[in-house]
Amino acid sequence: MTDARAPYVPPGTGWPDDPAAPDTPVAHGAGEVIELAAAAPDLGELCARQSVCRACDRLVEWREKVAVQRRRAFADEEYWGRPIPGWGDPEPRIMIVGLAPAAHGGNRTGRIFTGDRSGDWLFASLHRVGLASQATSVRADDGQRLIGTRMAATVRCAPPDNKPTPVERTTCLPWLAREVEDVAGSVRCIVCLGGFAWQGVWPALKQAGYGVPRPRPKFGHGAEVELVPPPSAARRDPVLLLGCYHPSQQNTFTGRVTEDMLDAVFVRARDYR
């Protein structure tokens with residue numbers, strides 16, 4: 001492991017489920033993201049390359065600054081401080097897409113939605129409907145396992161104020177598009193957590209070969225769109241895209257999102273075809 005105030009965990013040094021190795025190729029710009037995503041031989045290597053990306057200077061500076069300064073509650077914990085790779089079942093029936101990792105959540109734990117309050121709501125719901133092995137997820141080695149489900153984000157690094165720029169979203173897009181393409185053979189439903197994820201997933205779906213409607217349907221909680229799967233999926237059954245309000249503190253505190261609302265979305269995703 002690294003020094004107590006290191007800005008990130010070097011790949012291949014023992015962090016639980018770290019997909020990368022010391023020689024994993026690193027993207028240093030948008031063009032290299034495109035090249036490395038396209039050239040990844042499989043899903044595992046794609047995730048490894050996602051987890052060491054340094055293409056966006058602002059995001060690299062912020063995620064590493066947070067990892068050094070830390071929140072007081074986590075002052076004694078080592079921070080991951082790297083991009084968050086996709087995680088979960090390699091052949092999922094359900095793909096969950098969020099916006100970006102939290103500065104003191106995924107950026108600390110190294111796993112999407114793990115260790116933050118949004119994740120507390122999300123994993124509890126997934127557990128209630130049979131899509132997660134545990135009701136909580138607090139660190140990368142806590143034994144949590146997704147069941148027939150995978151998680152990813154439209155932006156892999158924690159952004160300042162939770163707001164990635166349009167250029168950052170575009171730069172990160174090939175990572176998501178290739179991951180969506182790689183799991184297209186098994187996916188039956190894609191759940192977008194929040195309006196930003198809904199907006200960000202459309203270009204990824206198009207790049208991955210999905211047939212997408214025009215104009216793009218509007219986001220809403222429970223919104224449904226049937227998509228034509230890409231030719232690589234070797235089947236023609238529609239894939240369901242579902243909208244879900246993000247279980248952010250603001251949404252859960254105000255009652256805009258309730259446990260029943262989350263459960264209903266994931267039951268629909270679980271039971272679709």
Side-chain angles (χ1 to χ4, degrees), residues 59 83-88 92 94-107 109 111-126 129 131-132 137 146 149-173 175-177 179-180 187 189-206 210 212-213 215-225 227 239-270:
L59 296 185
I84 308 303
W87 174 69
I94 299 168
M95 181 81 168
I96 299 172
V97 181
L99 171 60
H104 302 281
N107 190 55
T109 65
R111 198 166 69 190
I112 188 71
F113 286 111
T114 293
D116 64 59
R117 293 189 179 181
S118 295
D120 291 344
W121 275 70
L122 177 60
F123 284 108
S125 178
L126 293 174
V129 304
L131 299 177
S137 184
L146 296 179
T149 303
R150 186 172 186 83
M151 294 181 177
T154 56
V155 175
R156 304 301 170 125
C157 297
D161 301 319
N162 294 319
K163 295 179 180 178
T165 67
V167 170
E168 289 162 353
R169 290 197 297 268
T170 300
T171 298
C172 209
L173 174 61
W175 295 133
L176 179 62
E179 189 166 354
V180 168
V187 164
C189 184
I190 300 169
V191 179
C192 293
L193 295 178
F196 285 109
W198 180 270
Q199 293 172 12
V201 81
W202 289 107
L205 290 168
K206 185 176 181 180
Y210 278 86
V212 297
R216 294 176 183 172
K218 293 182 179 180
F219 171 74
H221 187 80
E224 297 191 6
V225 183
L227 305 171
V239 172
L240 184 66
L241 181 70
L242 279 173
C244 180
Y245 286 155
H246 195 286
S248 65
Q249 283 186 269
Q250 181 179 2
N251 284 344
T252 57
F253 282 177
T254 61
R256 190 179 191 220
V257 172
T258 66
E259 291 182 353
D260 288 345
M261 290 171 66
L262 283 180
D263 291 358
V265 167
F266 289 117
V267 166
R268 173 64 169 144
R270 181 196 67 194

**Message:** L146 vs M151, test: side chain to side chain contact (heavy atoms under 4.5 Å, CB included). Steps then yes/no.
**Reply:** CA-CA 9 Å; L146 296 179; M151 294 181 177; 3.8 Å; yes

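- R270 contributes a side-chain N or O that, together with a main-chain N or O of V129, makes up a donor-acceptor pair within less than 3.5 Å.
- With rounding to the nearest 0.5 angstrom, the OH atom of Y245 is 8.5 Å from the CG atom of N251.
- Distance alone, capped at 3.5 Å, places no donor-acceptor pair between the T252 side chain and the V257 backbone.
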**Prompt:** What do the steps show when you test L240 against E224 for side chain to side chain contact (heavy atoms under 4.5 Å, CB included), and what is the final call?
**Reply:** CA-CA 7 Å; L240 184 66; E224 297 191 6; 3.8 Å; yes

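- For P159 against A100, the heavy-atom pair with the smallest separation is CD-CB, 3.7 Å.
- Minimum interatomic distance between V201 and C192 (heavy atoms only, all atoms of both residues): CG1-SG, 3.5 Å.
- Listed by first then second residue, pairs satisfying salt bridge (Lys or Arg N to Asp or Glu O under 4.0 Å) with a partner in residues 159-170 read R58-E168, not counting sequence neighbours.
- The shortest side-chain heavy-atom distance between T149 and P92 does not fall under the 4.5 Å cut-off.
- Expressed to the nearest 0.5 Å, how far CG of L99 lies from OG of S248 amounts to 11.0 Å.
- Inter-residue side-chain proximity for P203 and R216 is flagged as met; some heavy-atom pair is nearer than 4.5 Å.
- To the nearest 0.5 Å, atoms CH2 (W198) and OG1 (T154) are separated by 14.0 Å.
- The minimum heavy-atom distance linking I112 with F123 is given by the pair O-CZ, 4.1 Å.
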**Message:** If you apply the rule side chain to side chain contact (heavy atoms under 4.5 Å, CB included), what do you find for L205 with V239, and how did you get there?
**Reply:** CA-CA 11 Å; L205 290 168; V239 172; over 6 Å; no

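- Contact of the S118 side chain with the Q249 side chain is not registered, since no non-hydrogen atoms from C-beta on lie closer than 4.5 Å.
- Here the closest heavy-atom approach between residue P217 and residue V225 is recorded as CG-CG2, 3.5 Å.
- For the pair W202 and P213, the minimum side-chain heavy-atom distance is below 4.5 Å.
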**Request:** Just do the side chain to side chain contact (heavy atoms under 4.5 Å, CB included) check on Y210 and L241 with the steps written out, would you?
**Result:** CA-CA 11 Å; Y210 278 86; L241 181 70; over 6 Å; no

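- Formation of a donor-acceptor pair under 3.5 Å by the T114 side chain with backbone atoms of T109 is not found in this model.
- Note that the CD1 atom of I84 and the CZ atom of R111 stand 11.0 Å from one another [nearest 0.5 Å].
- How far CG of L59 is from OG1 of T171: 9.0 Å, rounded to the nearest 0.5 Å.
- By the ring pair (Phe, Tyr, Trp, His ring centres under 6.0 Å) test, W121 is found to be paired with no residue, residues two or more places apart in sequence or in another chain being considered.
- Of all non-hydrogen atoms in P101 and V155, the two that sit nearest each other are CD-O, 3.3 Å.
- Pairing each heavy atom of E179 with each of G86, the nearest pair is OE2-CA, 3.2 Å.
- Note that the CZ atom of F196 and the CZ atom of F219 stand 10.5 Å from one another [nearest 0.5 Å].
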